[in-house]
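Just below is one structure, and these are the notes that go with it.
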Amino acid sequence: MSTILWKLVGAVALLCSVAVSSAQTTSGKVAQIPTTFKTKLKASKLRIVVPTWIPKGFKLVKSNVVQEKEMFMRDVHLRYEKPGTKSSFFVQFASDGIGDPFFDLPNGDTLEATGTEIGKNSVIGAFEMEYVTKKPYLMWHITWYELKQKGYPKYVLVAGENIAISDGKKIIESLSWLK
């Protein structure tokens, strides 16, 4: 191949990698991420994913970074609620000391999953979302999925209550890296 053709192939490959990279990042506007929180994440040297799709009416009510001296112990938590309802979901990040999620009831009991949904996300890959649809309970979650990155946090978990299973799946499928 001629030198010009090789340069053209290289330029096309570069453009394709930029397009893929930008498709996996977001400003955090849809996720309602405040600038102060982004600043705190940057200062903590943490990189997270956030939803780029949220069901109508949901508001970010809590964004927290747990500052530990050791990087691998730092934790991030985002909580969304729909005002006037009992509907909520959260996105949590950790690198160490994580346990399995359960479908906990207010009385301390737990429920077994009644079904699963399979999905795919550009950051975490294929995922299995477990759910409970046992009246009056509607809950779903994905267990800890690895965020394939060199930094921290290493894992993400997403869970929700009183939100349609299809909406939970869309939330997880929409996760993208926060710029």
Side-chain angles (χ1 to χ4, degrees), residues 23-34 37 41 46-66 72-149 152-178:
Q24 293 180 351
T25 62
T26 179
S27 67
K29 184 177 180 179
V30 170
Q32 306 162 28
I33 304 299
F37 184 71
L41 283 173
L46 300 174
R47 186 170 183 225
I48 65 168
V49 293
V50 297
T52 58
W53 182 86
I54 294 177
K56 188 176 179 174
F58 277 80
K59 303 289 181 213
L60 178 67
V61 295
K62 182 179 181 182
S63 54
N64 188 33
V65 176
V66 176
F72 68 92
M73 293 299 290
R74 294 181 183 168
D75 184 340
V76 180
H77 187 88
L78 304 171
R79 182 172 177 78
Y80 296 84
E81 294 178 0
K82 185 171 185 177
T85 72
K86 293 183 179 184
S87 300
S88 66
F89 73 93
F90 67 87
V91 184
Q92 185 174 352
F93 304 87
S95 296
D96 196 22
I98 55 180
D100 293 333
F102 294 100
F103 293 115
D104 296 323
L105 299 178
N107 66 3
D109 287 343
T110 60
L111 294 174
E112 293 293 323
T114 58
T116 59
E117 281 282 328
I118 304 298
K120 187 167 180 149
N121 172 275
S122 62
V123 177
I124 64 173
F127 65 85
E128 182 178 14
M129 181 180 82
E130 294 183 315
Y131 60 84
V132 168
T133 54
K134 184 176 180 180
K135 289 192 178 199
Y137 305 105
L138 172 58
M139 298 180 268
W140 52 264
H141 67 236
I142 59 168
T143 191
W144 296 100
Y145 276 81
E146 185 173 1
L147 295 169
K148 295 168 181 75
Q149 64 175 331
Y152 294 98
K154 292 289 185 189
Y155 303 97
V156 62
L157 175 146
V158 185
E161 288 188 65
N162 303 310
I163 303 174
I165 304 302
S166 58
D167 285 350
K169 185 178 175 185
K170 278 178 80 171
I171 292 166
I172 298 162
E173 289 174 335
S174 80
L175 295 175
S176 294
W177 290 107
L178 181 63

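Since this is a predicted model, take the numbers as computed values, not measurements. For the numbers below, each heavy atom of this structure counts, side chains included, while hydrogens, waters and symmetry mates do not.
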Run Leu105 and Thr110 through side-chain contact (heavy atoms from CB on, under 4.5 Å) and show every step you take. CA-CA 6 Å; Leu105 299 178; Thr110 60; over 6 Å; no
So how far is it from Thr116 OG1 to Ile165 CD1, rounded to the nearest 0.5 Å? 10.5 Å
Measure the shortest side-chain to side-chain distance between Thr143 and Tyr155 over non-hydrogen atoms and say whether it is less than 4.5 angstrom. no
Spell out, as yes or no, whether a donor-acceptor pair under 3.5 Å connects the side chain of Ser174 to the backbone of Trp53. yes
Assess Lys135 against Tyr137: is NZ or CZ under 6.0 Å from the centre of the six-membered ring, and within 45 degrees of the ring's axis? no
Would a 4.5 Å heavy-atom cut-off, applied to side chains only, mark Phe127 and Glu173 as touching? yes
Here the gap from Lys86 atom NZ to Glu161 atom CD, rounded to the nearest 0.5 Å, amounts to 10.0 Å
Thr52 side chain to Leu175 backbone, donor-acceptor under 3.5 Å: no
Is the gap between the ring centers of His77 and Phe93 under 6.0 Å? no
Residue pair Phe103, Thr114: steps toward the side-chain contact (heavy atoms from CB on, under 4.5 Å) verdict: CA-CA 11 Å; Phe103 293 115; Thr114 58; over 6 Å; no
Quick one, Leu147 with Ile124, criterion side-chain contact (heavy atoms from CB on, under 4.5 Å). Give me CA distance, side-chain angles, the key distance, then yes/no. CA-CA 6 Å; Leu147 295 169; Ile124 64 173; 4.1 Å; yes
Would you say Trp144's side chain and Gly99's backbone share a donor-acceptor pair under 3.5 angstrom? yes
Is there side-chain contact between Ser176 and Thr25, with at least one heavy-atom pair below 4.5 Å? no
Separation between CG (Leu111) and OG1 (Thr133), nearest 0.5 Å, reads 10.5 Å
Answer yes or no: is there a side-chain heavy-atom contact under 4.5 Å between Tyr80 and Pro51? yes
Would you say Lys169's side chain and Ala164's backbone share a donor-acceptor pair under 3.5 angstrom? no
Write down the atom of Gly168, the atom of Met129, and the distance for their closest heavy-atom approach. C-SD, 3.8 Å
Which atoms form the tightest heavy-atom contact between Ala31 and Ile54, and what is the distance? CA-CD1, 3.7 Å
Val49/Leu178 under side-chain contact (heavy atoms from CB on, under 4.5 Å): CA gap, chis, key distance, verdict: CA-CA 5 Å; Val49 293; Leu178 181 63; over 6 Å; no
Quick check: are there more than 12 heavy atoms from other residues, nucleotides or ligands sitting under 6.0 Å from NZ of Lys148? yes
Stepwise, does the ring-ring contact (aromatic ring centres under 6.0 Å, His included) test hold for Tyr131 with His141? CA-CA 7 Å; Tyr131 60 84; His141 67 236; over 10 Å; no
Under the rule for side chain to side chain contact (heavy atoms under 4.5 Å, CB included), what residues qualify as partners of Lys82, not counting sequence neighbours? Phe58, Thr85, Ser87
On a heavy-atom basis, which atom in Trp177 and which in Arg47 lie closest, and how many Å separate them? CG-NH2, 3.3 Å
Any heavy-atom pair between the side chains of Val65 and Asp75 that's under 4.5 Å? no
Is there side-chain contact between Asn162 and Phe89, with heavy atoms separated by less than 4.5 Å? no
Minimal heavy-atom distance between Tyr145 and Glu128, with the atoms involved, is OH-N, 2.8 Å
Answer yes or no: is there a side-chain heavy-atom contact under 4.5 Å between Val123 and Val156? no
Work out which heavy atom in Ile163 is nearest to a heavy atom in Leu138; give both atom names and the distance. O-CD2, 3.4 Å
Is the closest side-chain heavy-atom distance between Ile33 and Ser63 below 4.5 Å? no
Quick one: closest heavy-atom pair of Asp104 and Met139, and the distance? O-SD, 4.0 Å
